[in-house]
Protein chains: 2
Amino acid sequence: MTTIKDVARAAGFSVTTVSRALNGHDDVNPETRRRIREVAEKLGYSPNIAARTLVSKKSRTLGLLLSALTRSSVKDNIVFEMLCGMNDRAAELDYDLVLFNTTPQKQRQKSYKALCKERGVDGVIMMGMRLDDPYLEEMLHASIPCVLIDIPIERKKNIGYVMTDNVQGAMDAVNHLIALGHRHIGMINGHAQAAVSIRRLEGYRKALERHGIPFNERYVEDGAFREDGGKEAAFRLLTSCPELTAIFCASDLMALGALQAIRALGKRVPEDISIVGFDNIVAAQYCTPALTTVNQDKYQMGYLAAAVLIDMLEGRQVQRYRVMPAELIVRDSTGPVRGS
Amino acid sequence: MTTIKDVARAAGFSVTTVSRALNGHDDVNPETRRRIREVAEKLGYSPNIAARTLVSKKSRTLGLLLSALTRSSVKDNIVFEMLCGMNDRAAELDYDLVLFNTTPQKQRQKSYKALCKERGVDGVIMMGMRLDDPYLEEMLHASIPCVLIDIPIERKKNIGYVMTDNVQGAMDAVNHLIALGHRHIGMINGHAQAAVSIRRLEGYRKALERHGIPFNERYVEDGAFREDGGKEAAFRLLTSCPELTAIFCASDLMALGALQAIRALGKRVPEDISIVGFDNIVAAQYCTPALTTVNQDKYQMGYLAAAVLIDMLEGRQVQRYRVMPAELIVRDSTGPVRGS
DNA sequence: GCAGTTATCCGAAACGTTTCGGATGATCTG
DNA sequence: CAGATCATCCGAAACGTTTCGGATAACTGC
């Protein structure tokens, strides 16, 4: 409850001087500054952020728009791991994170700009957004700096992004399968409204192409990035294309679903069918067989997102677009093609 | 950038009336209110939260003190799942969540009160705190409402808590082992500075006692709630007490570690050793053998924590202390004692 | 017709900061 | 020693809201 006025009175200086002393301005006598610091400390003074924000227009707060912060995203710990990274970088630079809770109903009521302005956030990190999310379009017309995760948009100065090299990752995954002798390789993709789906499909095609294997669109099904979606997609794929010996999944969660489907069909992994996932979620290393997958450095992505955003906010020279390398992790769900 | 003044000017009313109209006070003509709403809408007005907070002393913001928001807590998705619950309830009641990023260094610099006052949060949810965390003591002397997760403190009016019935859960787990014929049951606990450890140990002892099995303190080791800690504890336990046929672990993560240790010792689960975990983390159902464990409804705990806190804030009659039932989930890591 | 209600509105203060534009002496310059 | 420079300080305005304490005019009851 101590305000700057209390400190000023107790220290025998004006409010102005106290403010300038505490904020490190240089037109204040060192001895005065020491004295003021001392008094402020003794009184347990800490500035009121609301007042400061009101006048300075800076809140040292980052808004997080996580459309994936739902019960269903609990299984893949991706969002959480990114959150940890963001939180760490924000802490280092003394920023706070506020979680915007947006549900589809709320979005209709409140525009992106209103959301940001109300809360007075300096910048925004968006993740888990579909390409057709209305907020994405609104964001493009707003002046608030924003860093996107997994959505590469390079149209504006105040927008940055962080994503994994999905094309490379998918290529690595499929090359691995090809190296094992597989020629009939299916793919379970997410959905059309995800930038990563497009990239991963591209990597899949490129890898096939490079080895002279024709692309067959019957071999690709969408699984909506969900476990049950992956299961159903695997069912469809394996029943309609029995020649398949391997499946590349655009997410580990879908791969886990595929594993179930394969088991239900009485086949074995990797003896009958090889499976590669993407993301390297925690469950991937514990499931049986342990999943061969493409690792994304989720923590680092979150960390970078926060870092890039804050650099932008503080006017530092930044590399606004960051693409992280993907890394194939070979475990037990892939093996040589049967009969080879 | 439109302020309330712009709306007032455009609508031809005073700032006071606009404020009262928009905030639903009743001394404003329905027609006036309609007109003002219309103008506000057209101008895209949304109130500045900082200004509002400054005068009203309410920010509709909850502070989250998550000491466990670190890279190491990624594997157990507990924090994240609770976060989802909190976020959902907060969204329903139109509150926002701010993540306090506190590192041990920062804690020395900034007191709990300062943290809360600065950010102007109305209330706080604390989780993952050790009983000897300095913030816990500071919190007790602060006037800000707080809900604790997994720390049952009933000393003050403005403090609530949410926790699982750990005693019951642990008893269920151990009873299950006893029913399978086990008599020499070890326990891998967390650490002394966690309320849940104390409770789970209590449940373990009670279950033994009820069946006339003497408590043997050599059978209990701490694993610090970490996977490697669990692994080491299991090593110690199984080498120094070869008569053990079952181990109850105070967390699934430690149980996963124990599984590794047992495998390394050339024994099988559940044929040689039965294992029960606690928490029901995601990996528990994917590991081999799938882990028998005690489920905590983490989402619901988070949801309730936010609900209780907001109820307190808004002066509603609340049940401040909530204990959630635990539920034993039997999977494949437990079986009848060998030779029985 | 008059005091008392009632419905509706508004001016101005207050919240706790930061910052602009100076003010005051002291010190330097030549 | 006059004028300029410098170090240090401060008064007051501004930020965008809410709310207290009225003000005005119309209506009520007798």
Side-chain angles (χ1 to χ4, degrees), chain A residues 1-37 39-40 43-61 94 96 113-122, chain B residues 1-37 39-40 43-61 94 96 113-122:
Chain A
M1 301 293 156
T2 25
T3 75
I4 199 171
K5 282 182 196 164
D6 300 324
V7 177
R9 205 173 310 122
F13 290 95
S14 76
V15 166
T16 303
T17 303
V18 173
S19 174
R20 300 186 73 78
L22 260 21
N23 289 315
H25 293 236
D26 53 1
D27 62 344
V28 28
N29 188 298
E31 170 57 23
T32 305
R33 190 194 305 275
R34 200 195 53 70
R35 172 94 186 103
I36 288 177
R37 283 236 181 87
V39 172
L43 264 47
Y45 168 74
S46 70
N48 179 309
I49 299 266
R52 172 179 287 177
T53 301
L54 184 59
V55 34
S56 72
K57 310 280 177 210
K58 302 276 174 210
S59 60
R60 292 193 85 82
T61 301
D94 212 29
D96 274 318
K113 274 186 214 173
L115 194 70
C116 297
K117 215 204 63 185
E118 272 192 21
R119 277 291 154 188
V121 298
D122 297 342
Chain B
M1 301 294 157
T2 28
T3 75
I4 198 170
K5 281 183 198 165
D6 300 324
V7 178
R9 205 173 309 122
F13 289 95
S14 75
V15 166
T16 304
T17 303
V18 173
S19 173
R20 301 185 72 79
L22 259 21
N23 289 315
H25 292 236
D26 52 3
D27 62 344
V28 27
N29 188 298
E31 171 56 23
T32 305
R33 190 192 307 273
R34 199 195 53 70
R35 173 94 187 101
I36 288 176
R37 283 236 180 87
V39 172
L43 265 47
Y45 168 74
S46 70
N48 179 309
I49 298 267
R52 173 179 286 177
T53 300
L54 185 57
V55 35
S56 73
K57 310 284 178 207
K58 303 276 173 210
S59 60
R60 292 193 85 82
T61 300
D94 213 30
D96 275 319
K113 275 186 216 176
L115 194 71
C116 299
K117 214 203 62 184
E118 271 193 21
R119 276 292 154 189
V121 297
D122 297 341

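In what follows, chains are A, B, ... by sequence order, proteins preceding strands, each numbered from 1.
Each of dT8(C), dC10(C), dT17(C) was ranked by its minimum atom distance to the side chain of Asn29(B); first place goes to dT8(C). When each of dC9(D), dT8(D), dT19(C) is scored by its nearest atom to the side-chain atoms of Pro30(A), the top-ranked nucleotide is dT8(D).
Computed from coordinates, the Asp26(A) CG to dC9(D) P distance equals 12 Å when rounded to whole Å. Distance, Leu22(A) CG to dT19(C) C1': 15 Å, rounded to whole Å. Rounding to whole angstrom units, NZ of residue Lys58(B) and P of dC15(C) are separated by 16 Å. Rounding to whole angstrom units, CG of residue Leu54(B) and P of dT18(D) are separated by 11 Å. One interatomic measurement links the two molecules: NZ of Lys5(A) to P of dT17(C), which rounds to 9 Å at whole-angstrom precision. Atom NE2 in His25(A) sits roughly 14 Å away from atom C1' in dT8(D) (whole-Å rounding). Separating the CD1 atom of Ile36(B) from the P atom of dT8(C) is a distance of 13 Å, rounded to the nearest angstrom.
Helical stems in DNA chain C, defined as runs of 3 or more consecutive Watson-Crick or G-U wobble pairs with both donor-acceptor distances under 3.5 Å, are listed by first residue as C:1-30 with D:1-30.
Among residues two or more places apart in sequence or in another chain, the side-chain contact (heavy atoms from CB on, under 4.5 Å) test is passed with Ser19(A) by Ile4(A), Asn23(A). Under the salt bridge (Lys or Arg N to Asp or Glu O under 4.0 Å) criterion, Asp26(A) pairs with no residue, sequence neighbours left out. With sequence neighbours excluded, no residue satisfies salt bridge (Lys or Arg N to Asp or Glu O under 4.0 Å) with Asp122(A). Remark: Arg33(A) pairs with no residue by the salt bridge (Lys or Arg N to Asp or Glu O under 4.0 Å) rule, at least two apart or across chains. Thr2(A) is linked by a side chain to side chain donor-acceptor pair (under 3.5 Å) to nothing, counting only residues two or more places apart in sequence or in another chain. The side chain to side chain donor-acceptor pair (under 3.5 Å) test applied to Arg34(A) returns Glu31(A), Glu38(A), not counting sequence neighbours. Checked against salt bridge (Lys or Arg N to Asp or Glu O under 4.0 Å), Arg52(B) has no partners two or more places apart in sequence or in another chain.
Within the 3.5 Å criterion, the main-chain N or O of Ala11(B) finds no donor-acceptor partner in the side chain of Arg35(B). Between the side chain of Ser59(B) and the backbone N or O of Gly120(B), at least one donor-acceptor pair lies under 3.5 Å.
Residue pairs meeting the salt bridge (Lys or Arg N to Asp or Glu O under 4.0 Å) criterion with at least one partner in residues 3-19 of chain B, sequence neighbours excluded, are Asp6(B)-Arg9(B).
Contact check, Thr3(B) against dC15(D): no side-chain N or O comes under 4.0 Å of OP1 or OP2. Side-chain N/O atoms of Lys57(A) include one lying less than 4.0 angstrom from OP1 or OP2 on dG16(D).
Among the heavy atoms of the strands lying under 4.0 Å from Ser19(A) is at least one base atom, whether or not backbone atoms are also near.
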Check nucleotides 21-27 of chain C against the protein and report each pair of N or O atoms closer than 3.5 Å, with its distance, or say if there are none.
none

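The two residues Ala8(A) and Val15(A) have their closest heavy-atom pair at CB-N, 3.8 Å. When every heavy atom of Tyr45(A) is checked against every heavy atom of Thr3(A), the shortest pair comes out as CE1-C, 3.5 Å.
Here the CG-OG1 distance, from Asp27(B) to Thr16(B), works out to 10.0 Å after rounding to the nearest 0.5 Å. Distance CZ/Arg37(A) to CG/Leu22(A): 7.0 Å, rounded to 0.5 Å.
Listed by residue number, the members of residues 45-53 of chain B with any heavy atom below 4.0 angstrom from DNA chain D are Tyr45(B), Ser46(B), Pro47(B), Asn48(B), Ala51(B), Arg52(B). Residues from residues 6-15 of chain A with heavy atoms under 4.0 angstrom of DNA chain C, sorted by number: Val15(A).
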